[in-house]
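Working notes for the structure below.
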Amino acid sequence: MSLDFESLVERYYRSLYQFAFSLAQSESDACDLTQQTFYIWATKGHQLRDASKVKSWLFTTLHREFLETRRRETRFPHYELSQVDSQLPSISPARVNQLDAAQVVQALAEVDEVYQAPVALFYLEDCSYKDIAAILNVPMGTVKSRIARGIAQLRKALASNRSPDQAGKESLE
């Protein structure tokens, strides 16, 4: 069996696409999954030792990519802004412009040490609660409460770092 890229695409594209479509129920998602599967083959396929397992390798890879995509969509759902407008914080554009990464990191240093790591891992490193719990070796409920308390302290620290004339200007806006 030939393992060159073109012959693999020619031989397995249709069946991989059909499998992807059955999973994703979307033409564009099925195309993306199929393309990603062949991309992974192009970068890692040389590691396959038994050429007779190419088909199962491709289908397994596609299935894993599908599951990873679903996990990512669950963790980071996509919403139209009009759907979640009421849930967005009401911060004036002037306040947004005042905040920058250096201020946030400086304010994070003022947060109690026990809350710093969970907040930083969640917001700066995009770790899930489960990952943070494993990293810090604490229960997930503890992670959630530490993040909530840390954010409250961070807000206070950011508010206290403003100069008095900035606070007065913001209240006028």
Side-chain angles (χ1 to χ4, degrees), residues 1-89 91 96 99-102 104-105 108-109 111 113-151 154:
M1 169 190 259
S2 174
L3 290 182
D4 74 278
F5 189 78
E6 286 183 37
S7 65
L8 283 176
V9 171
E10 193 173 303
R11 183 171 183 164
Y12 295 112
Y13 184 88
R14 182 181 176 97
S15 56
L16 280 170
Y17 173 81
Q18 288 173 335
F19 179 56
F21 188 80
S22 74
L23 294 172
Q25 301 293 311
S26 160
E27 194 174 314
S28 63
D29 290 345
C31 285
D32 290 345
L33 283 168
T34 306
Q35 181 177 350
Q36 183 65 19
T37 301
F38 283 115
Y39 171 78
I40 293 170
W41 171 260
T43 58
K44 298 182 178 181
H46 65 278
Q47 297 172 358
L48 185 65
R49 292 187 178 114
D50 186 353
S52 68
K53 298 189 181 193
V54 169
K55 183 177 180 180
S56 63
W57 188 95
L58 289 169
F59 278 84
T60 300
T61 300
L62 188 141
H63 188 251
R64 286 181 180 152
E65 281 301 304
F66 169 75
L67 294 175
E68 179 60 31
T69 301
R70 287 296 178 250
R71 276 192 291 271
R72 198 174 307 115
E73 288 172 0
T74 301
R75 239 179 109 190
F76 306 106
H78 174 78
Y79 297 106
E80 292 297 323
L81 284 177
S82 59
Q83 293 174 322
V84 292
D85 197 30
S86 63
Q87 297 173 11
L88 295 174
I91 299 175
V96 171
L99 291 175
D100 69 356
V104 173
V105 171
L108 185 59
V111 171
E113 194 173 312
V114 72
Y115 306 130
Q116 286 179 9
V119 170
L121 288 169
F122 188 76
Y123 287 103
L124 302 178
E125 301 299 327
D126 291 327
C127 291
S128 68
Y129 290 144
K130 183 179 178 183
D131 293 340
I132 296 169
I135 291 168
L136 300 178
N137 198 24
V138 296
M140 197 176 322
T142 303
V143 168
K144 290 177 183 180
S145 65
R146 286 182 183 178
I147 289 173
R149 290 177 184 143
I151 291 303
L154 186 61

Quiz item: What do the steps show when you test F122 against V143 for side-chain contact (heavy atoms from CB on, under 4.5 Å), and what is the final call?
Solution: CA-CA 10 Å; F122 188 76; V143 168; over 6 Å; no
Exercise. Let me see the working for V119 and V111 under side-chain contact (heavy atoms from CB on, under 4.5 Å), right down to the final yes or no.
Key: CA-CA 10 Å; V119 170; V111 171; 5.6 Å; no
Quiz item: Where do T142 and L136 land on the side-chain contact (heavy atoms from CB on, under 4.5 Å) test, with the steps shown first?
Solution: CA-CA 10 Å; T142 303; L136 300 178; over 6 Å; no
Practice problem: Begin with the C-alpha distance, continue with both residues' side-chain angles, and end with the deciding distance and a verdict on side-chain contact (heavy atoms from CB on, under 4.5 Å) for V138 and R146. | Solution: CA-CA 11 Å; V138 296; R146 286 182 183 178; 3.8 Å; yes
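Under 4.0 Å is where a charged nitrogen must lie from a carboxylate oxygen, and between E68 and R64 no such pair does.
By the 4.5 Å heavy-atom criterion applied to side chains, D29 and T69 are not counted as neighbours. Within the 4.5 Å cutoff, the side chain of V54 has heavy atoms near those of the L58 side chain. Within the 4.5 Å cutoff, side-chain heavy atoms of Y123 are placed close to those of I151. Between Y115 and L154, the closest side-chain pair of non-hydrogen atoms is not below 4.5 Å. Between R70 and F66 there is a side-chain heavy-atom pair separated by less than 4.5 Å.
For E80, the side-chain contact (heavy atoms from CB on, under 4.5 Å) criterion is met by H78, S82, Q83, not counting sequence neighbours.
Environment of CD in Q47: crowded, with over 12 heavy atoms of neighbouring residues, nucleotides or ligands closer than 6.0 Å.
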For residues 15-24, please give each side-chain donor-acceptor pair under 3.5 Å, one per line with the distance, not counting sequence neighbours.
residue	atom	partner	partner atom	Å
S15	OG	Y12	O	3.2
S22	OG	F19	O	2.6

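For R75 (side chain) and D126 (main-chain N/O), a donor-acceptor pair under 3.5 Å exists by modelled atom type.
W41 and W57 have perpendicular rings, their planes meeting at more than 60° on a 0 to 90° scale where under 30° would count as parallel.
To the nearest 0.5 angstrom, L48 atom CG is 7.5 Å from S56 atom OG.
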